[in-house]
Amino acid sequence: MALAGALSRIARAGDVIALKGDLGTGKTVFARAFIRALCGAETEVPSPTFTLVQIYDLDDEETLHHFDLYRLEDPEEALELDIDDAFADGISLIEWPERLGSYLPRQHLEIALSYGGSQKQRSCLISATAEWDQRLAEVSL
Amino acid sequence: MIVLGIETSCDETAAAVVTDTGEILAETVLSQLDEHRPYGGVVPEVAARAHLEHIDRLVGETMSKAGTGFDQLEAVAATGGPGLIGGVIVGVMTAKAIAVAQKLPFIAINHLEGHALSARLEATNRVEFPYLLLLVSGGHCQLLSVEGPGHYKRLGTTIDDALGEAFDKTAKMLGLGYPGGPAVEAAAKHGEASRFALPRPMKGRPGCDFSFSGLKTAVRHAAMALPEGPFEERDIADLCAGFQAAAGDVLADRTAHAIDRFLQEHDKCNALVIAGGVAANQSIRQRLQKLADKQAIPLVAPPASLCTDNAAMIAWAAIERITASGPGAAEDGLDFRPRPRWPLDPDAPSAAFAGAKA
C-alpha cells in the first residue's frame with residue numbers, strides 16, 4: 001500500500017486512476033490507502049459498490065471521487081453519475097473502469113491488480129500515458 | 001397526523017403516506033410496480049434522471065391511493081442522505097416543492113434513522129426505547145444504540161464491505177445471479193457448511209466493528225481451488241453454506257459485544273432489532289435468535305417490506321420527530337442541503353483502524 005501512498009503524492013486535479021482487477025484483488029484496499037493518504041488516516045472509506053460513488057473533499061475546493069462501477073450495465077449510466085464533472089474537478093479513482101467503455105478518458109493511469117503467488121500476495125501492473133511518466137519518475141516508480 | 005414520505009437515496013424510488021398510529025395508508029415502491037414498467041426486471045435507479053422521471057407520478061399515485069389530500073398532511077419528509085447524491089436531490093427537491101406549494105413543514109430524514117425507527121412503526125409490536133439495532137443491507141452494516149428520536153450511538157460499523165454486498169459478490173463469483181442474498185440462501189440450504197474452512201473476520205477481537213472483504217476473497221480462493229470447469233452444484237451449496245455460517249458467526253460475535261456495551265450504559269435492552277435486506281435471511285436470523293435467546297432479549301425483525309429501502313420508514317421517522325419535539329422544532333429549513341454522507345452519530349469514533357494492516 002506504499003504504492004497508493006506514493007501515487008497520492010503525485011496525483012492532482014483532473015487525474016483519472018483506473019483500478020482494474022478481479023473481485024478480491026484489493027482494489028478497494030488500494031483506494032482506501034490512497035484516500036487516507038490524502039484525507040487523513042482516520043478517514044472512513046466505505047465500499048462504494050452500493051452507492052456507486054463516494055465523494056471526499058480535499059483542500060482548496062478540490063474533490064476526490066471514488067467510483068465503483070461494478071453494478072453498471074451500460075456505460076451511458078455512468079454519465080448520469082456526473083462522471084465528466086468529477087473528471088474535470090478533481091481526482092477520480094475508478095474501480096471496474098471496464099464498465100465505462102469509451103467514456104474512460106484516454107489520459108489515465110491504470111493500476112491492474114491480480115493474485116500473486118500466495119493468498120496474501122498481489123501483483124500490480126501500472127500502465128500510464130506519457131503525461132504520467134515524468135511524475136511517476138519523481139516517486140521512483 | 002398524516003405524513004408523506006419520499007425515499008430516493010439508492011435504487012428504489014418510493015413514496016408512502018403514514019399516520020401517527022403507524023398505519024400505512026398507501027405505499028408505492030417503483031421496483032415493485034408492474035404497471036408502467038417498460039424495462040422488465042429490477043432496474044437499478046442509479047440515475048437521478050430515472051428517479052426524476054417517476055417521482056411526480058409516484059407521489060400522485062400514492063396520495064390518491066391513500067385517499068389523502070395534500071391539505072390533510074402534517075408534513076412532507078424526504079431522505080436527505082446518506083446515499084447517491086443525485087437521487088437524494090430529486091427526493092429532497094420534490095418534498096421541498098410540495099412543502100412550499102402546500103405551506104407544509106419540510107423534514108429531512110437520515111436514511112439510517114428511518115431504518116433505526118422502523119421497528120416502532122407497527123403499532124401492534126412497538127419496541128420501546130432504548131434498543132439495539134443491527135442494520136445489515138447492501139450498503140450498510142452497523143450496530144446502533146437507539147435511545148430516542150434523534151438520539152443514536154453507533155457502536156460498530158463495517159470497515160470495508162457491507163454484508164449484503166458480500167452476499168451479492170459471492171453469488172456473482174459462483175454464477176448465481178442477482179440479487180445475491182436470496183440466491184446464496186437458497187443454494188446454501190442443502191450445503192455442508194463445514195466443508196470449506198472460511199475465516200471469521202474480526203471474530204473475538206474487541207469492539208463491535210465488522211469486516212467482510214476478506215471473507216469474500218476467501219470464498220473466491222476456495223472457488224478457484226476447485227477442479228477446473230463449471231462448478232458442481234454440491235460445491236456451490238457447500239460454499240454458500242460455509243459463507244453464510246461464517247457471516248452469521250461474525251454477526252453474532254460482534255452483536256454479542258454490542259449487547260455487552262449496551263448493557264453497560266442501560267439497565268436493560270428492550271430488543272435486538274434487525275433491519276436491512278440481509279435481515280430477511282433465515283439462517284442469519286436463526287443465528288441471531290440463538291444469541292438473543294441466550295441473552296434473554298427479544299429479537300425483533302420488522303416485516304420484509306419495512307426492512308428493505310422504503311418510504312414508510314421515512315414518513316414514520318418524521319412522525320417520531322414531530323411527536324418528540326413538536327412540528328416547529330422538527331422542521332428543516334428549505335436551505336437544507338442533501339448530504340451524500342451523513343453519520344447518524346457524528347461523535348462515533350472512526351472505524352479506520354483496519355488501515356493499519358493495509
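Letters A, B, ... are given to chains in the order of the sequence lines, protein chains preceding strands, and every chain is numbered from 1.
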Exercise. Can you tell which of B:K169, B:K172, B:M224 has the highest number of heavy-atom pairs within less than 4.5 Å of chain A?
Worked result: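 Heavy-atom pairs under 4.5 Å are most numerous for B:K169.
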Exercise. Do you know which of B:H221, B:M173, B:E165, B:K216 has the most heavy-atom pairs with chain A at a distance under 4.5 angstrom?
Worked result: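 If we count pairs closer than 4.5 Å to chain A, B:H221 comes out on top.
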Exercise. So, do B:I85 and A:V53 sit near enough that their side-chain heavy atoms are less than 4.5 Å apart?
Worked result: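 Side chain of B:I85 against side chain of A:V53, heavy atoms only: no contact under 4.5 Å found.
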For this session: Would you confirm whether B:R220, through its side chain, and A:T25, through its main-chain N or O, come within 3.5 Å as a donor-acceptor pair?
Result: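 No; judged by distance alone, with no hydrogens or angles, the pair does not exist.
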Exercise. What's the spacing between B:T157 OG1 and A:E44 CD if we round to 0.5 Å?
Worked result: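 The distance works out to 6.0 Å.
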Problem set entry | A:R32 CZ to B:S213 OG distance, which is reported to the nearest 0.5 Å |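 Answer for the CZ-OG pair, A:R32 versus B:S213, is 7.0 Å.
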For this session: Tell me, for A:Y115 versus chain B, whether the close heavy atoms (under 4.5 Å) come from the side chain, the backbone, both or neither.
Result: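 It is the side chain, since no backbone atom gets that close.
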Problem set entry | Which portion of A:D68 sits near chain B, non-hydrogen atoms under 4.5 angstrom |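 When you check distances to chain B, only side chain atoms of A:D68 fall under 4.5 Å.
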For this session: Heavy atoms only: give me the nearest B:D161-A:S47 pair and the separation to one decimal.
Result: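 It is OD1-CB, 3.5 Å.
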For this session: Assess whether atom CD of A:Q134 is packed by more than 12 heavy atoms of other residues, nucleotides or ligands within 6.0 Å.
Result: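 Open.
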Problem set entry | B:R341 atom CZ, over 12 foreign heavy atoms within 6.0 Å |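 It does: B:R341 CZ has more than 12 such atoms within range.
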